[in-house]
Amino acid sequence: MTAALLRLWENLEIRHDPVSLAYRVLTLLERFGPMPPGRAARLLSVSDTSISRLAAQMTQGGLMTSTAASSDGRGRVLAMAPAGHLLLGELRAERLETLMRHVPPGVLDVWAAKDALAASDDTSVRRPRKPRKD
């Protein structure tokens, strides 16, 4: 990761607070694709000003792009840049690693055994019942 991207990441504090606005914006853009800042603000229940300020920082840092809307030249459309995808992946990996350190030993083995049992139980094929003896 470039030094500039790392500085931006630390300044936005999304590394330390994964539910921060920056993290939420990246996740929103990843899931729903490019959108106007006003729509992002409404979906995240924050002010247009908050999104505009953050978008400026994230665009400058290379995490997202802001282009003129095709419908009219006055509006903007936010989209995630490749560095934003990379950062989001790293944040998720870091969160998973932190979570896995808190999972007690053996718990994952129990889950894996349950998954294997569920996969082997094919409920789409019904076995004929044996007639009951009365």
Side-chain angles (χ1 to χ4, degrees):
M1 189 176 311
T2 66
L5 182 58
L6 184 58
R7 276 195 308 277
L8 176 68
W9 183 4
E10 290 170 346
N11 289 342
L12 294 174
E13 297 184 9
I14 56 179
R15 179 174 209 164
H16 306 291
D17 180 11
V19 293
S20 71
L21 183 56
Y23 181 86
R24 291 167 49 208
V25 168
L26 288 175
T27 303
L28 184 72
L29 293 175
E30 177 189 54
R31 181 166 183 132
F32 298 107
M35 68 180 63
R39 182 171 184 220
R42 283 189 302 280
L43 290 170
L44 296 172
S45 300
V46 297
S47 71
D48 289 355
T49 304
S50 296
I51 291 292
S52 295
R53 285 183 190 152
L54 182 65
Q57 283 183 305
M58 293 176 74
T59 299
Q60 185 178 9
L63 298 174
M64 72 170 51
T65 60
S66 176
T67 57
S70 59
S71 58
D72 77 24
R74 296 175 299 151
R76 306 297 297 166
V77 174
L78 303 177
M80 190 160 24
H85 286 284
L86 177 67
L87 178 59
L88 199 52
E90 289 178 4
L91 288 170
R92 287 180 176 144
E94 185 177 281
R95 291 174 67 194
L96 180 60
E97 182 181 317
T98 300
L99 176 66
M100 294 307 291
R101 280 184 281 193
H102 293 72
V103 174
V107 170
L108 295 179
D109 297 334
V110 171
W111 288 349
K114 285 182 180 180
D115 287 345
L117 182 61
S120 69
D121 184 25
D122 187 358
T123 57
S124 64
V125 178
R126 295 188 176 243
R127 295 181 182 102
R129 286 184 151 193
K130 292 183 180 179
R132 290 189 345 187
K133 295 180 183 179
D134 291 326

### Partner set under salt bridge (charged side-chain N to carboxylate O under 4.0 Å, His left out) for R92, not counting sequence neighbours
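In terms of salt bridge (charged side-chain N to carboxylate O under 4.0 Å, His left out), with neighbours along the sequence ignored, R92 is linked to E30.
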Atom [atom1] of [X] and atom [atom2] of [Y]: how far apart are they, to the nearest 0.5 Å?
X   : Y   : atom1 : atom2 : value
L91 : L96 : CG    : CG    : 12.5 Å
R53 : D48 : CZ    : CG    : 11.5 Å
L29 : R24 : CG    : CZ    : 12.5 Å
Q60 : Q57 : CD    : CD    : 8.0 Å

Could you tabulate the donor-acceptor pairs under 3.5 Å formed by side-chain atoms of residues 76-86, not counting sequence neighbours?
from : atom 1 : to  : atom 2 : distance (Å)
R76  : NE     : S66 : OG     : 3.2
R76  : NH2    : S66 : O      : 2.6

### Query
Checking side chain to side chain contact (heavy atoms under 4.5 Å, CB included) for the pair T98/R95: CA distance, chi angles, key distance, verdict?
CA-CA 5 Å; T98 300; R95 291 174 67 194; 5.7 Å; no
### For S70, all residues meeting side-chain hydrogen bond (donor to acceptor under 3.5 Å, both in side chains), sequence neighbours excluded
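Scan of S70 (side-chain hydrogen bond (donor to acceptor under 3.5 Å, both in side chains), adjacent residues dropped) gives none.
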### Task
Taking the side chain as every heavy atom from C-beta outward, state whether I51 and L21 have any atom pair closer than 4.5 Å.
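I51 vs L21: side chains touch.
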